[in-house]
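Right, one structure below, let's go through it.
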Amino acid sequence: EAGVVQSPRYKIIEKKQPVAFWCNPISGHNTLYWYRQNLGQGPELLIRYENEEAVDDSQLPKDRFSAERLKGVDSTLKIQPAELGDSAVYLCASSWEQGRNEQFFGPGTRLTVL
Amino acid sequence: ILNVEQSPQSLHVQEGDSTNFTCSFPSSNFYALHWYRWETAKSPEALFVMTLNGDEKKKGRISATLNTKEGYSYLYIKGSQPEDSATYLCAFSSGGSYIPTFGRGTSLIVHP
């Protein structure tokens, strides 16, 4: 069974540039999560999808971040424009359902904003 | 904001040593506690999902216990091996939101 796929693995951009991350969850997983991990911190949830519906996005900085999960399968997270403070690892995870089900993580995208 | 604390922040042990670390979380409105292992350049991997007070779970040389009344979970590694070197993360979710809150992790390095 293929795991959660993320791309790119690494991205270096200059501030004010746009950037996009892509995630393909495990087949059949209804719930998809996007996390951001800053250096020395634990992962912080940005947005959670149940199928194609965003159900938790209170931590998503909506002025510059956007996300979509068309057709309830793969998902894209976008930042426009990027700021220096956006440098972090962006993790995608999926699970059968929210709550007690274990989450399966992708390898993450390490973003560096110069 | 839920406070999830992990200690120690980092740990260096010799191969063969047994070790343990702690995850502390709010003792009210408990829903689930997850442990993950995150090796460098790999994806975080789920170790345990713990849901009941007094739960004890084991996977090979790794085991975990849960005390929801006092708000802590211990992760034990028996006879550490270099391949156990990783960051160990715990994630707590409450019955109010189900959104997992992660601790900062414990970085374990096992020296041959």
Side-chain angles (χ1 to χ4, degrees), chain A residues 1-10 21-26 29-50 53-60 67 88-110, chain B residues 1-10 21-25 29-53 55 57 59 62 64 66 68 73 86-107:
Chain A
E1 177 183 274
V4 176
V5 179
Q6 286 188 251
S7 67
R9 291 292 306 274
Y10 304 92
F21 316 125
W22 178 78
C23 173
N24 195 26
I26 291 174
H29 280 192
N30 299 323
T31 307
L32 184 146
Y33 309 78
W34 280 104
Y35 291 92
R36 175 172 61 188
Q37 189 196 26
N38 293 309
L39 191 64
Q41 305 291 320
E44 175 190 36
L45 183 72
L46 291 174
I47 190 168
R48 174 171 69 91
Y49 282 93
E50 292 293 336
E53 183 182 359
V55 294
D56 285 305
D57 63 354
S58 59
Q59 301 300 314
L60 190 73
V89 175
Y90 291 83
L91 289 163
C92 177
S94 68
S95 65
W96 292 109
E97 295 175 340
Q98 59 87 17
R100 291 178 173 148
N101 291 277
E102 65 181 287
Q103 295 181 34
F104 293 81
F105 283 84
T109 297
R110 182 175 295 277
Chain B
I1 297 178
L2 300 174
N3 201 25
V4 180
E5 300 286 342
Q6 290 190 247
S7 63
Q9 184 175 346
S10 64
F21 7 102
T22 306
C23 174
S24 301
F25 50 85
N29 206 13
F30 176 87
Y31 186 68
L33 191 285
H34 295 234
W35 281 101
Y36 293 89
R37 174 172 59 199
W38 194 358
E39 296 179 63
T40 302
K42 294 187 177 180
S43 306
E45 170 197 2
L47 290 174
F48 304 113
V49 179
M50 311 187 79
T51 58
L52 296 175
N53 184 44
D55 258 355
K57 300 212 171 178
K59 182 184 288 188
I62 304 176
L66 179 68
T68 62
S73 175
T87 295
Y88 291 82
L89 291 164
C90 68
F92 164 81
S93 50
S94 72
S97 69
Y98 309 116
I99 298 174
T101 299
F102 281 81
R104 296 184 179 191
T106 293
S107 173

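Given the structure is predicted, the values throughout are model-derived calculations rather than measurements. Residue numbers begin at 1 in each chain, while the letters A, B, ... track the order of the sequences. We use all heavy atoms of the structure for the numbers below, so side chains are in, but hydrogens, waters and symmetry mates are not.
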Study note, to complete from the structure: If you tally heavy-atom pairs under 4.5 Å between each of B/Pro44, B/Ala91, B/Ala41 and chain A, the highest tally belongs to B/Pro44

Exercise for review: Report the C-alpha separation of A/Phe105 and B/Trp38 in whole Å, then their side-chain angles, then the decisive distance to 0.1 Å, and conclude whether the side chain to side chain contact (heavy atoms under 4.5 Å, CB included) test is met.
Suggested key: CA-CA 10 Å; A/Phe105 283 84; B/Trp38 194 358; over 6 Å; no

Check your understanding: Once you round to the nearest 0.5 Å, how far does CG of A/Leu45 lie from CD1 of B/Ile99?
Key ->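 Between atom CG of A/Leu45 and atom CD1 of B/Ile99 there are 5.5 Å.
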
Practice item. Hey, could you give me the CG/CZ distance between A/Leu91 and B/Phe102, rounded to the nearest 0.5 Å? Key: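 Answer rounded to 0.5 Å: 8.5 Å.
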
Point to revise | Toward chain B, the part of A/Gln37 with a non-hydrogen atom under 4.5 Å | key: side chain

If you compare all heavy atoms of [X] against all heavy atoms of [Y], which two are closest, and at what distance to 0.1 Å?
X	Y	result
B/Arg104	A/Gly40	CD-O, 3.5 Å
A/Gly106	B/Ser43	C-OG, 3.1 Å
B/Pro100	A/Tyr35	CG-OH, 3.0 Å

Review point. For B/Lys59, what residues pass the side-chain contact (heavy atoms from CB on, under 4.5 Å) criterion, not counting sequence neighbours?
Key: B/Phe48

Exercise for review: Sequence neighbours left out, what passes side-chain contact (heavy atoms from CB on, under 4.5 Å) with A/Arg9? Give chain and number order.
Suggested key: A/Pro107

Review point. Would you find more than 12 non-hydrogen atoms of other residues, nucleotides or ligands less than 6.0 Å from B/Gln9 atom CD?
Key: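 Open.
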
Practice item. Pick whichever of A/Gln41, A/Glu44, A/Gln6 has the most heavy-atom pairs under 4.5 Å with chain B. Key: A/Gln41

